[in-house]
Participant: 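Below is one structure. I have some questions about it.
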Amino acid sequence: MKFFLNILIWTLLSLPATAQEVLSAESKVSLITVAPGEELYSGFGHSAYRVVDPKLGFDKVYNYGTFEFNEDFYGKFIQGKLDYMLTIQAFQDLLDDAIYEKRSVTEQVLNLSSSQKDSLYKFLEWNALQENKYYKYDFFYDNCSSRLRDVMQGICKGSLTFDNLEERNLSFRQLIDEYLRDKEVQDFGMDIGLGAPSDVKATPLQYMFLPDHLMNGFAKATLHRNGKNIPLVGETKVIYASGHTLKATPFMQTPFFYLSVLLFIVILVTIKNWNKPATMSLLDSILYIIVGLLGCLLVFLWFFTDHKVTVNNWNLLWANPLVLFFPILFRIIKNKDLVSKIFIGYGILLVLELLALPILPQQFNIAEIPLVLILALRSFYIGKNIEKHDSKPVQA
């Protein structure tokens with residue numbers, strides 16, 4: 001919204017300067033949509049504006065999805081402080097990269113008036129200046145796709161209407177899940193890291209944070225000009241069709257399958273030893289340490305970063321940082337009754353979480369279910385039988 005208001009202010013202040021046109025009559029402005037790619041960073045597709053003027057001899061692409069890779073990159077990325085920027089490149093360079101990555105490229109030529117094309121071009125050139133090009137990236141609300149929507153709304157100043165937009169009552173998380181069917185492992189990790197804000201239902205206009213939905217929204221939009229409505233898109237053409245489709249992850253390669261197999265093994269082992277003195281196996285120790293470290297990461301993402309989508313994360317119910325100390329509690333605490341209550345209490349919390357999944361304000365990845373069941377089962381076993389333990393660690 002702030003960016004949209006900035007565009008409106010810029011266009012109003014620059015009205016006197018727009019009287020003299022910059023672009024020629026042969027110029028055209030297009031929305032370029034690049035299909036999703038194999039890598040996670042390209043998995044949601046890409047959008048950019050293309051401005052072509054044969055008379056002036058340029059064919060430029062304006063890209064809001066670039067960032068500087070330097071020595072501070074990883075630190076800033078983790079903390080949510082990474083600045084993205086608007087850059088300008090030759091269209092042929094973008095096309096060459098898309099062809100190399102086997103990503104289809106679609107162009108929608110826009111029915112903008114001469115003054116609107118001029119205003120758009122001037123704004124993009126101004127926004128690409130060194131002092132103006134940086135912005136704080138927000139995956140859902142302010143990214144390389146949503147910025148193009150906001151720029152167009154600001155330039156058209158009320159004459160633009162997005163008609164008959166797709167509305168499926170989906171959350172932001174559900175929208176991105178549709179792009180991660182070939183990346184189940186990455187989807188599992190993202191679902192753990194994303195908090196409740198990701199489960200807010202997106203409005204049809206907000207769908208356009210994804211390039212495909214931006215392209216569809218532009219296809220249905222209209223401009224009011226000379227007393228009548230005309231389509232925003234005058235022509236749509238596929239510049240490059242890769243013929244490459246992203247295949248869904250085979251079931252036997254998904255986190256849910258691997259964790260379900262592990263759950264089956266854990267069930268067999270636990271049943272076999274159910275009435276025997278509790279042991280803290282190497283697998284138990286590794287599992288609790290990993291879950292505890294994961295909890296520390298979730299706390300860091302919630303309280304110590306600028307990320308807006310990692311707060312209010314209900315995964316902390318099972319990925320509790322305190323679990324990191326469970327192997328130590330088992331081995332050094334003499335009060336076995338207290339340790340028993342801690343393990344059983346954690347197991348009860350896990351069961352209650354699974355029962356409450358339908359009413360919690362956050363969607364959980366299905367692969368979390370066998371993982372939580374493993375934690376619950378081992379916690380109940382250890383808590384139930386720890387008093388039979390001779391206080392000497394039993395090796396796995």
Participant: Looking only at atom types and distance, does a side-chain atom of R149 sit under 3.5 Å from a main-chain N or O of M208, one as donor and one as acceptor?
Facilitator: no
Participant: Do any N or O atoms from the side chain of N273 and from the backbone of V269 form a donor-acceptor pair under 3.5 angstrom?
Facilitator: yes
Participant: Would the distance check show the side chain of N365 and the main-chain N or O of D191 forming a donor-acceptor pair, the cut-off being under 3.5 Å?
Facilitator: no
Participant: Does one hydrophobic cluster hold both L354 and L360, with members joined at side-chain heavy-atom distances below 4.5 Å?
Facilitator: yes
Participant: Say whether L210 and V151 are linked into one hydrophobic cluster, either directly or through other cluster members, by side-chain heavy-atom distances under 4.5 angstrom.
Facilitator: yes
Participant: Sub-3.5 Å donor-acceptor pair from the side chain of D212 to the main-chain atoms of G45, do we have one?
Facilitator: no
Participant: Would you say the rings of Y141 and F172 are close, in the sense that their centroids are separated by under 6.0 Å?
Facilitator: yes
Participant: For a quick test of reading the model, state the closest non-hydrogen atom pair linking I32 to V105 and the distance between them.
Facilitator: CG2-CG1, 3.8 Å
Participant: Is it the case that atom NZ in K28 sees more than 12 heavy atoms from other parts of the structure closer than 6.0 Å?
Facilitator: yes
Participant: Give a yes or no on whether a salt bridge exists between D177 and R173, defined as a side-chain N under 4.0 angstrom from a carboxylate O.
Facilitator: no
Participant: Give me the ring orientation class for F251 and F256: parallel if the planes are under 30° apart, tilted from 30 to 60°, perpendicular past 60°.
Facilitator: tilted
Participant: Cut-off 3.5 Å, side chains only: do T249 and D182 have a donor facing an acceptor?
Facilitator: no
Participant: May I ask you to establish whether K60 and F58 are in a cation-pi arrangement, using a distance under 6.0 Å from NZ or CZ to the six-membered ring centre and at most 45° from the ring axis?
Facilitator: yes
Participant: Taking the six-membered ring where the residue is Trp, are the ring centres of Y134 and Y84 under 6.0 Å apart?
Facilitator: no
Participant: Hey, what do you get for NZ (K308) to OG (S198), rounding to the nearest 0.5 Å?
Facilitator: 13.0 Å
Participant: Any side-chain heavy atom of W314 sitting closer than 4.5 Å to one from E353?
Facilitator: no
Participant: Minimum heavy-atom separation for I366 to P370, with atom names?
Facilitator: O-CD, 3.4 Å
Participant: Would the distance check show the side chain of S104 and the main-chain N or O of S242 forming a donor-acceptor pair, the cut-off being under 3.5 Å?
Facilitator: yes
Participant: To the closest 0.5 Å, what do you measure between CG (L349) and CG (L375)?
Facilitator: 11.0 Å
Participant: Does F209 have its ring centroid less than 6.0 Å away from the ring centroid of F139?
Facilitator: yes
Participant: Between Y62 and Y137, is there a shared hydrophobic cluster once you connect ILVMFWY residues whose side-chain heavy atoms come closer than 4.5 Å?
Facilitator: yes
Participant: Kindly assign one of parallel, tilted or perpendicular to the pair Y288 and F343, based on the angle between their ring planes and the thresholds 30° and 60°.
Facilitator: perpendicular
Participant: Could you pull out the closest heavy-atom pair between V299 and P321, with the gap in Å?
Facilitator: CG2-CG, 3.7 Å
Participant: If you draw a 6.0 Å radius around CH2 in W318, do more than 12 non-hydrogen atoms from other residues or ligands fall strictly inside?
Facilitator: yes
